[in-house]
Amino acid sequence: MVDDLGLELVTFGKVVHFFKEVSSTNDVLKKLAAEGAPEGTVVIAEKQVEGRGRSGKRWVSPRGGLWFSLLLRPKIRVHESFKLTFITSISIVNALEKVLRIKASIKWPNDILVNGKKVCGVLTETASIDKSIEYAVIGVGVNANFNPSSLPLEIQEIATTLTAETGKEIDTEHLLRTLLHQMEKHYGSLGIFNTILTEWRRLDCVLGEKVVVNNGVESFEGVAIDVDSQGALIVRLIDGSIKKVTSAGISLGSGLDP
Ligand code: BTN
């Protein structure tokens with residue numbers, strides 16, 4: 001593959017392990033990572049029976065979806081792992097645009113929405129040595145070719161699938177190739193994170209919107225005004241005070257949390 005500058009990008013997806021069914025692609029790849037698998041290794045499965053989302057939530061992963069994990073060995077500190085999630089989210093939006101000509105957006109911190117509903121999520125898990133990342137496993141789940149009725153009822157209200165939104169069968173192999181290419185390209189910009197942040201701000205659908213934040217301890221309302229260089233969502237509350245949100249579920253308006 002060749003990127004926009006004509007440079008060869010061949011590390012991501014050079015080694016691919018394909019499975020019919022796994023517990024979770026993240027778990028399989030973590031094991032390979034601990035055994036020394038090289039950066040760029042991909043684990044992909046047709047179906048996951050113990051797919052995981054953020055905050056330990058279950059991620060329903062029937063046949064027809066694109067469920068994969070990518071191994072990275074970045075030279076960054078653990079607290080910077082959000083950068084990998086940011087790069088991945090941007091890459092997903094770019095790939096959806098390139099392959100399907102659809103406009104997707106990012107909902108902080110890790111959701112990809114199409115027509116206001118979630119089609120994709122990113123789960124970044126890391127292993128560390130002394131606060132530095134030893135490896136990161138980036139799990140990506142794309143609701144591609146299945147009927148949203150396969151999802152639990154409460155999820156159907158907030159999530160959708162690409163085939164339902166486009167009326168087309170999705171070429172998941174093409175989507176994966178494009179996505180890996182985009183990820184490898186953006187990964188090259190990890191050291192100049194401002195570029196990534198600027199792109200994130202352009203694609204984020206939360207900025208400027210009224211949000212309800214629930215971090216498990218407290219719940220409050222405000223307007224999301226920015227994402228800072230630490231990956232935190234900056235929210236202005238009704239009384240004018242500013243809160244930095246580092247890890248939480250957020251809803252747009254007072255709706256549900258995709
Ligand atoms: C989220 O939105 O909460 C993140 C969902 C991440 C799901 C993917 S599917 C592939 C990989 N394996 C998992 O068990 N989870 C991630």
Side-chain angles (χ1 to χ4, degrees), residues 12-13 16-33 37 41-72 81-82 84-93 95-96 104-114 116-127 135-146 148 150-152 154-162 170 172-173 175-176 179-180 183 204-206 214-216 231 233 247-252 256-258:
F12 291 8
V16 177
H17 299 267
F18 179 80
F19 296 88
K20 287 243 167 249
E21 183 178 308
V22 291
S23 51
S24 152
T25 54
N26 269 30
D27 290 347
V28 175
L29 187 53
K30 274 191 214 168
K31 196 163 173 283
L32 292 171
T41 300
V42 169
V43 167
I44 175 163
E46 274 183 15
K47 183 180 171 186
Q48 299 184 116
V49 288
E50 282 171 45
R52 279 197 312 280
R54 277 179 68 239
S55 316
K57 285 186 192 160
R58 179 171 164 240
W59 181 264
V60 180
S61 321
R63 196 161 280 116
L66 173 58
W67 322 122
F68 76 95
S69 303
L70 168 73
L71 177 61
L72 298 179
S81 62
F82 75 90
L84 305 173
T85 307
F86 275 32
I87 282 172
T88 306
S89 301
I90 291 169
S91 302
I92 294 166
V93 173
L96 291 175
S105 58
I106 304 171
K107 177 172 166 280
W108 183 94
N110 71 331
D111 295 343
I112 309 301
L113 310 188
V114 170
K117 284 188 161 188
K118 181 162 174 171
V119 289
C120 178
V122 180
L123 177 67
T124 301
E125 297 182 307
T126 56
Y135 62 81
V137 167
I138 316 291
V140 177
V142 185
N143 295 345
N145 290 316
F146 60 88
S150 306
L151 298 168
E154 69 278 11
I155 306 283
Q156 285 178 40
E157 290 180 38
I158 53 175
T160 186
T161 66
L162 291 174
I170 311 304
T172 46
E173 199 183 318
L175 183 60
L176 174 64
L179 179 43
L180 289 175
M183 286 177 77
D204 192 327
C205 63
V206 168
N214 188 337
N215 59 18
L233 186 69
S247 151
I250 57 161
S251 321
L252 284 172
L256 288 156
D257 174 19

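This is a predicted model, so every value here is computed, not measured. In each ligand, atom 1 is the first atom listed, and ligand 1 is the first ligand listed.
Under the 4.0 Å criterion applied to side-chain N and carboxylate O atoms, Arg52 and Glu125 are assigned as salt-bridge partners.
In this structure, Ser89 and Ile112 have side chains that are in contact, with non-hydrogen atoms separated by less than 4.5 Å. Side-chain contact between Tyr135 and Leu71: present, with at least one pair of heavy atoms (C-beta onward) separated by less than 4.5 Å.
Residue-to-ligand polar distances keep Trp67 apart from ligand 1: every N/O pair is separated by 3.5 Å or more. The shortest N/O to N/O separation between Ser69 and ligand 1 does not fall below 3.5 Å.
Which parts of ligand 1 touch Gly51 is read off a 4.0 Å heavy-atom cut-off, strictly below it: atoms 14 (O). Residue-ligand proximity, Asn110 to ligand 1, at heavy-atom distances under 4.0 Å covers atoms 1 (C), 2 (O), 3 (O), 4 (C). Ligand-side atoms of ligand 1 in range of Gly53: 1 (C), 3 (O), 4 (C), 5 (C), range being under 4.0 angstrom from any heavy atom. Atoms of ligand 1 found under 4.0 Å from any heavy atom of Val122, numbered from 1 in the order shown, are 4 (C). Taking a cut-off of under 4.0 Å to the non-hydrogen atoms of Phe68, the atoms of ligand 1 that pass are 10 (C). Against a heavy-atom cut-off of under 4.0 Å, Ser24 is close to the following atoms of ligand 1: 12 (N), 13 (C), 14 (O).
For atom 10 (C) of ligand 1, the closest non-hydrogen atom of the protein is Thr25 OG1, 3.2 Å. The closest protein non-hydrogen atom to atom 5 (C) of ligand 1 is Trp59 CE3, 3.4 Å. Residue, atom and distance of the protein heavy atom nearest to atom 2 (O) of ligand 1 are Lys118 NZ, 2.5 Å.
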(Q) Please determine whether side-chain hydrogen bond (donor to acceptor under 3.5 Å, both in side chains) holds for the pair Thr85 and Thr124, giving the CA-CA distance in whole Å, both sets of side-chain angles, and the decisive distance to 0.1 Å. (A) CA-CA 6 Å; Thr85 307; Thr124 301; 2.7 Å; yes

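In this structure, OG1 in Thr126 is found 8.5 Å from CG in Leu84, a value given to the nearest 0.5 Å.
Across Gln48, Arg54, Arg52, Arg58, heavy-atom proximity to atom 6 (C) of ligand 1 is greatest for Arg52.
Note: Trp67 and Trp59 have perpendicular aromatic rings, judged against thresholds of 30 and 60 degrees for the angle between ring planes.
Within the structure, the closest approach of Ser61 to ligand 1 does not fall below 4.0 Å when heavy atoms are considered.
If you run side chain to side chain contact (heavy atoms under 4.5 Å, CB included) between Leu66 and each of Ile170, Leu175, Val140, only Leu175 comes through.
Nearest heavy atom pair, residue Val114 against residue Thr160, reads O-CG2, 4.2 Å. When all heavy atoms are compared, the tightest approach of Gly139 to Asn26 is CA-OD1, 3.1 Å.
Looking at Ser23 and Gln48, their side chains never bring a donor and an acceptor atom within 3.5 Å of each other.
Contact annotation: for Lys57 versus ligand 1, there are no heavy atoms closer than 4.0 Å. The proximity of Val140 to ligand 1, defined as any non-hydrogen pair under 4.0 Å, is limited to the backbone.
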